[in-house]
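Computation of the quantities below employed the complete heavy-atom set of this structure, encompassing side-chain atoms and omitting hydrogens, waters and symmetry-equivalent molecules. We number each residue from 1, following the sequence as shown. As the structure is a prediction and not an experimental result, all values here were calculated from the model. Whatever order the structure lists ligands and atoms in, that order sets their numbers, starting from 1.
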Amino acid sequence: MMQRDVEIDYLLMNTRRDDVRQWLGDALTGLGALVSEDGSHEAFVEQISTIRPGLVFLDFSGAQAKVSGRLAEHVVRLFPTLPLVAVGNPSEPEAMLVALRAGVRDFIDLRGNPADATAVVKRLMLPRSQVKAAEPTRRGGIVAVLGARAGVGATTLAVNLAAAARRGAAAEVLLLDLGLPVRDAALYCNVSPQFHFVEAVRNLRRFDQVFVRTALAHQVNGVALLPLPETLGELRDISYSEALALLERLRAFFDLQVIDLGGFTNIDFMAQIVNAADHVMVVAEQSLGAIVSAAELLQELKKREIERDDLRLVVSRFDARLGVDAAQIADRVGVQAVETLPERREALLLATNRGVVLADDLPNDPYVRAVDALMERLGYHAGQAAERGLLARMKEKLPDAWRAPRGKRAGN
Ligand SMILES: Nc1ncnc2c1ncn2[C@@H]1O[C@H](COP(=O)(O)OP(=O)(O)OP(=O)(O)O)[C@@H](O)[C@H]1O
Ligand SMILES: [Mg+2]
């Protein structure tokens with residue numbers, strides 16, 4: 001059964017209009033299963049990664065045109081080889097213009113002959129085998145590491161998390177060194193990368209396995225590294241949505257992206273990344289100052305409507321003898337989940353001075369064990385990171401995918 005399901009050709013569309021679904025469904029009988037996803041932008045992109053359609057229809061009729069225009073730009077960037085077809089009425093030339101500008105070159109006229117639609121789809125649709133080859137099937141996670149204030153240990157945690165994830169699961173791991181001071185993480189890992197974040201955004205459409213392997217710098221332990229540009233002003237050349245599109249795109253190549261945001265001063269940008277991440281940690285220490293700063297940081301995020309119940313506070317340099325326990329700190333900051341990392345100044349400094357990452361060097365060090373435990377709690381244990389293959393996800397989503405087209409036909 002599973003075998004046959006995987007061979008199915010899918011067509012995905014974003015319309016809310018039943019008449020459009022109906023019309024398309026009829027025109028496409030026999031060409032594949034038509035699935036509609038009319039939820040959020042993210043849900044649509046997620047659906048593309050999940051079902052891997054051979055073609056995507058975007059509804060440019062009436063008020064939907066604007067939304068579809070933005071979605072098209074996003075999809076073109078993330079899935080450059082995926083054929084996009086605008087569905088609409090030639091009597092709405094403005095909508096068609098929006099489609100063209102967004103990079104959609106093919107149209108289906110809803111008032112035209114269904115046979116024309118069939119022909120367009122037959123011409124453009126990617127065969128199943130090619131869809132699978134074109135896009136890697138990985139869909140990795142993103143962990144964002146924030147620092148409550150300078151010097152609390154955000155970079156140290158990010159570097160060790162990345163190394164631990166790589167070691168445990170032989171996973172593909174990317175460390176995004178977006179913290180300030182610029183390129184601290186690279187320094188701790190003893191790498192001087194050329195290719196940077198802004199360049200990566202500019203080259204988004206060129207990303208494939210080869211490009212990822214050759215353009216990005218790698219640490220000795222195999223963790224890839226992407227730093228900020230040396231001149232921070234370059235960040236102004238890219239938009240938030242482009243930066244987010246890059247993170248989304250990189251999920252296809254890395255089981256885990258660890259983003260060091262410690263010291264990053266652009267809170268709006270930080271908020272967007274926090275929103276996109278699967279896990280978020282705020283590093284603080286046992287000092288009153290750091291605790292207050294952590295609370296303030298959460299307030300700033302809240303002002304931008306970012307409230308995550310799953311946000312974790314990580315109390316670094318934790319020393320039980322100081323008599324301030326972690327639960328109290330969490331309470332004060334207003335988070336539910338709290339972890340501690342032990343005070344290991346000497347071991348960390350010695351490792352840095354030798355140009356190695358502690359997690360690679362001394363897997364049994366108490367700091368590294370605490371980082372491992374943290375990873376476990378996020379759901380990444382040895383051998384697990386790459387587990388969610390296409391098949392597993394298909395299995396999960398298939399019932400829905402089937403229901404959409406079938407339900408429609410049943411309603412005839
Ligand atoms: N758990 C710890 N125990 C002892 N020392 C630590 C611990 N974590 C980090 N340090 C040390 O604290 C210093 C600052 O750490 P790190 O650079 O990771 O902090 P940061 O939050 O990234 O700082 P910045 O604001 O400069 O980016 C480093 O010398 C590091 O070795
Ligand atoms: Mg730092």
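- There is no side-chain donor-acceptor pair under 3.5 Å between Asn89 and Ser91.
- Residue pairs meeting the ring pair (Phe, Tyr, Trp, His ring centres under 6.0 Å) criterion with at least one member in residues 201-226, sequence neighbours excluded: Phe195-Phe211, Phe207-Phe211.
- Ligand-side atoms of ligand 1 in range of Ala150: 25 (O), range being under 4.0 angstrom from any heavy atom.
- Each of the atoms 18 (O), 20 (P), 22 (O), 27 (O) of ligand 1 lies under 4.0 Å from some heavy atom of Thr155.
- Every atom of ligand 1 with a heavy atom of Arg344 under 4.0 Å away is listed here by number and element: 2 (C), 3 (N), 4 (C).
- A distance-only check finds no donor-acceptor pair linking the side chain of Arg183 to the backbone of Asp177 [under 3.5 Å].
- Thr155 and Asp260 are linked by a side-chain donor-acceptor pair at a separation below 3.5 angstrom, with hydrogens and angles left out of the test.
- Numbered from 1 in the order shown, with element, the atoms of ligand 1 that lie under 4.0 Å from a heavy atom of Tyr367 read 1 (N).
- With atom 18 (O) of ligand 1 as the reference point, the heavy atom nearest to it among Thr156, Leu146, Val152 is part of Thr156.
- To the nearest 0.5 Å, the span separating CG on Asp59 from OG1 on Thr15 amounts to 3.5 Å.
- One option in Arg317, Glu343, Arg345, Glu346 has a heavy atom closer to atom 6 (C) of ligand 1 than any other, and that option is Arg317.
- Contact annotation: Thr156 places no N, O or S atom under 2.8 Å from the Mg ion (ligand 2).
- Between Phe197 and Phe269, the ring-plane angle classifies as tilted under the 30° and 60° cut-offs.
- Distances from ligand 1 to the non-hydrogen atoms of Pro342 include at least one value under 4.0 Å.
- In terms of heavy-atom proximity, Gly88 sits nearest to Met96 at CA-CE, 3.8 Å.
- Looking at every heavy atom in both residues, Pro229 comes nearest to Val182 through O-CG1, 3.9 Å.
- With a heavy-atom cut-off of 4.0 Å, Tyr188 touches ligand 1 through its side chain alone.
- Between Leu55 and Leu82 the shortest heavy-atom distance is N-CD1, 4.1 Å.
- At the shortest separation from atom 31 (O) of ligand 1 among protein heavy atoms lies Leu348 CB, 3.9 Å.
- Heavy atoms only, all atoms of each residue included: Ala148 and Leu297 are closest at CA-CD2, 4.4 Å.
- Counting atoms of ligand 1 from 1 in the listed order, those under 4.0 Å from a heavy atom of Gly151 are 14 (C), 19 (O), 20 (P), 21 (O), 23 (O), 24 (P), 25 (O), 26 (O).
- The distance from ligand 1 to the heavy atoms of Leu180 drops below 4.0 Å at these ligand atoms: 27 (O).
- Close contacts of ligand 1 with Pro181, meaning ligand atoms under 4.0 Å from a residue heavy atom, involve 26 (O), 27 (O).
- Shown in contact with Ser316 at under 4.0 Å from a heavy atom are these atoms of ligand 1, numbered in order with element: 1 (N), 2 (C), 7 (C), 8 (N).
- Considering backbone and side-chain atoms alike, Leu349 places every N or O at 3.5 Å or more from each N or O of ligand 1.
- Using a 4.0 Å cutoff on heavy atoms, Gly147 does not count as a contact of ligand 1.
- At under 3.5 Å, a nitrogen or oxygen of Gly153, whether backbone or side chain, sits near a nitrogen or oxygen of ligand 1.
- No more than 12 heavy atoms of other residues, nucleotides or ligands lie within 6.0 Å of CZ in Arg345, so this atom counts as exposed by the packing criterion.
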